Amino acid sequence: QRRVRDLWSTACMAFELATGDLLFEPKKGSAYGKDDDHLALMIELLGPPPKKMALAGKFSSEFFTPELGLRNIAELKSWPLASVLIDKYHFQKDVGEAFADFLLCMLRWRPEQRASAKEMLSHSFL
């Protein structure tokens with residue numbers, strides 16, 4: 001079994017260092033909680049989680065419908081990370097795309113699919 005350190009938080013910190021903003025900053029709404037918004041932000045950025053993963057948790061039914069929709073937030077708007085970096089933070093297109101690719105290697109829903117630190121050292125963005 002491959003032993004790796006999880007780099008999800010490393011990607012979040014790298015985004016924050018580069019932009020000055022948190023990658024995910026959930027807020028409580030009138031009809032949903034911060035956890036609902038956190039999931040919504042993740043889905044908008046990364047796409048839906050694997051169904052088996054999303055529905056396997058003890059509290060999954062509080063957040064997801066059986067069809068993998070969010071129970072308390074109806075409309076999601078996909079905003080790929082490269083577009084966020086280019087449109088919101090004014091990264092040059094090539095830099096925004098390369099940095100997004102770098103971060104997304106560490107931001108996969110399934111931890112075993114995330115890149116290792118050793119793999120990240122050879123990423124073309126560096």
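Quantities reported herein were computed from a predicted structural model and do not represent experimental measurements.
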Run the side-chain donor-acceptor check on residues 13-25: report pairs under 3.5 Å with partners two or more places apart or on a different chain.
{"residue": "T19", "atom": "OG1", "partner": "F15", "partner atom": "O", "Å": "2.8"}
{"residue": "T19", "atom": "OG1", "partner": "D21", "partner atom": "N", "Å": "3.1"}
{"residue": "T19", "atom": "OG1", "partner": "D21", "partner atom": "O", "Å": "3.3"}
{"residue": "D21", "atom": "OD2", "partner": "Y89", "partner atom": "OH", "Å": "2.6"}

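Checked for salt-bridge contact, K28 and D37 miss the test: no charged N lies under 4.0 Å from a carboxylate O.
For the pair W109 (side chain) and M53 (backbone), a donor-acceptor distance under 3.5 Å is absent. Proximity of a side-chain donor or acceptor of E44 to a complementary backbone N or O of L76 within less than 3.5 Å is not detected. At least one donor-acceptor pair under 3.5 Å links the side chain of K51 to the backbone N or O of P66. Side-chain atoms of S60 come within 3.5 Å of backbone N or O of A54 as a donor-acceptor pair. Between the R114 side chain and the L104 main chain, no donor and acceptor come within less than 3.5 Å of each other. Remark: side-chain polar atoms of E62 are not paired, donor with acceptor, to backbone N or O of F59 under 3.5 angstrom. Side chain of D36 to backbone of G33: a donor-acceptor contact under 3.5 angstrom is found.
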Next on the checklist: Does M120 form a side chain to side chain contact (heavy atoms under 4.5 Å, CB included) with C105? I'd like the steps, not just the answer.
Outcome noted: CA-CA 8 Å; M120 292 309 299; C105 290; 3.6 Å; yes
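Taking both residues in full, the closest heavy atoms of R71 and S61 are given as NE-O, 2.6 Å, listed atom of the first, atom of the second, then distance. A pairwise comparison of heavy atoms in I86 and E97 identifies CD1-CG, 4.1 Å as the closest pair. For L103 against A11, the heavy-atom pair with the smallest separation is CD2-O, 3.5 Å.
The same ILVMFWY cluster, assembled from side-chain heavy atoms under 4.5 Å apart, contains both L85 and L107. L126 is connected to V95 through a chain of hydrophobic side-chain contacts under 4.5 Å among Ile, Leu, Val, Met, Phe, Trp and Tyr, so both are in one cluster.
Side-chain atoms of F64 and P49, non-hydrogen and from C-beta on, do get closer than 4.5 Å to each other. Contact of the L46 side chain with the R108 side chain is not registered, since no non-hydrogen atoms from C-beta on lie closer than 4.5 Å. Looking at heavy atoms from C-beta onward, H123 lies in side-chain contact with F102 at the 4.5 angstrom threshold. Using a 4.5 Å cut-off on side-chain heavy atoms (C-beta onward), L41 and P26 make contact.
Going from atom OG of S116 over to atom CG of L7 covers 7.0 Å, rounded to the nearest 0.5 Å. Atom-to-atom distance recorded for L70:CG and L39:CG is 6.0 Å, nearest 0.5 angstrom. Taking NZ of K27 as the reference point, atom OH of Y32 lies at 9.5 Å (rounded to 0.5 Å).
Using bins of under 30°, 30° to 60° and over 60° for the plane-to-plane angle, the ring pair F99/F91 lands in the parallel bin.
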